[in-house]
Amino acid sequence: MLFLLNLSLFLLHEMDAIRHSEWRLFIVLKDMEDSKAYKVFTFIHLPLYTIILSLLFSQYQTIIFWFLDLFLFIHAILHLFFEKHPRNGFKNTFSRSIIYPMGILAVIHLLLLFIR
């Protein structure tokens, strides 16, 4: 249940990322025209979500737990490092209330996996 809550926060963050044009923070996409970068950024999520969901309901479930928990923890740290970036649109309470709990919940879930 904890993992599903965190996965839901991740999906919510990705919705917020589109609103805040997060592609402007990525080396490959930042110089693209916004309308094209938006499409690339959005489309990349289709295979990403498909892989995550298919592995979540497979024999590799534990692997995807570990992988995503580590990713979400690192992701939260990266957002912290990019806090002062001029193109960072996540400098608001709503966005932060999604991003940083993901990192915290990921660590808690990792600890629970480790002690299990």
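Note that the structure is predicted; figures quoted are calculated from it, not measured.
Side-chain contact check for T62 versus W66: some heavy-atom pair is nearer than 4.5 Å. Annotation: side chain of I63 is not in contact with side chain of L55 (no heavy-atom distance under 4.5 Å). No side-chain heavy atom of N6 sits under 4.5 Å from any side-chain heavy atom of H109. Taking 4.5 Å as the limit, some side-chain heavy atom of F41 sits within range of a side-chain heavy atom of E14.
Side-chain atoms of H79 never come within 3.5 Å of backbone atoms of H75 as a donor-acceptor pair (strictly under, hydrogens ignored). Formation of a donor-acceptor pair under 3.5 Å by the S8 side chain with backbone atoms of L4 is found in this model. H20 places no side-chain N or O within 3.5 Å of a backbone atom of E22 that could act as its donor or acceptor partner. Side chain of S97 to main chain of F94: a donor-acceptor pair is present (N/O by atom type, distance under 3.5 Å, no hydrogens or angles).
Hydrophobic clustering (ILVMFWY, side-chain heavy atoms < 4.5 Å, transitive): L29 and L78 are in distinct clusters. By the rule that hydrophobic residues join a cluster once side-chain heavy atoms approach within less than 4.5 Å of another member, I115 and L113 end up as members of one cluster. Put simply, W23 and M32 are part of the same group of oily side chains (I, L, V, M, F, W, Y) that touch within less than 4.5 Å, one to the next. When hydrophobic clusters are built by joining Ile, Leu, Val, Met, Phe, Trp and Tyr residues whose side-chain heavy atoms come closer than 4.5 Å, directly or via intermediates, L2 is grouped together with L11. Residues Y49 and Y38 do not share a hydrophobic cluster, defined by chaining ILVMFWY side chains whose heavy atoms lie under 4.5 Å apart.
Separating the CG atom in D31 from the CZ atom in F26 is a distance of 14.0 Å, to the nearest 0.5 Å. Note that the CD1 atom of I99 and the CD1 atom of I77 stand 13.0 Å from one another [nearest 0.5 Å]. A distance of 12.0 Å separates CD1 in I98 from CZ in F10, rounded to the nearest 0.5 Å. For the atom pair L7 CG and M102 CE, the distance stands at 10.5 Å (nearest 0.5 Å). A distance of 8.0 Å separates OG in S54 from CD1 in I64, rounded to the nearest 0.5 Å. How far CG of L72 is from CG of L105: 9.5 Å, rounded to the nearest 0.5 Å.
No more than 12 heavy atoms of other residues, nucleotides or ligands lie within 6.0 Å of CZ in F82, so this atom counts as exposed by the packing criterion.
Note: F3 and F65 have tilted aromatic rings, judged against thresholds of 30 and 60 degrees for the angle between ring planes.
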Verdict with reasoning, K91 to R96, per side-chain contact (heavy atoms from CB on, under 4.5 Å) | CA-CA 7 Å; K91 299 175 187 177; R96 289 175 179 144; 3.7 Å; yes

Verdict with reasoning, I52 to F67, per side-chain contact (heavy atoms from CB on, under 4.5 Å) = CA-CA 10 Å; I52 290 170; F67 178 81; over 6 Å; no

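For the ring pair (Phe, Tyr, Trp, His ring centres under 6.0 Å) with H13, the qualifying choice from Y100, F71, F90 is F90, the only one to do so.
Among all heavy-atom pairs drawn from I44 and P47, the shortest one is O-CD, 3.2 Å. In terms of heavy atoms, A76 sits closest to G103 at CB-CA, 3.8 Å.
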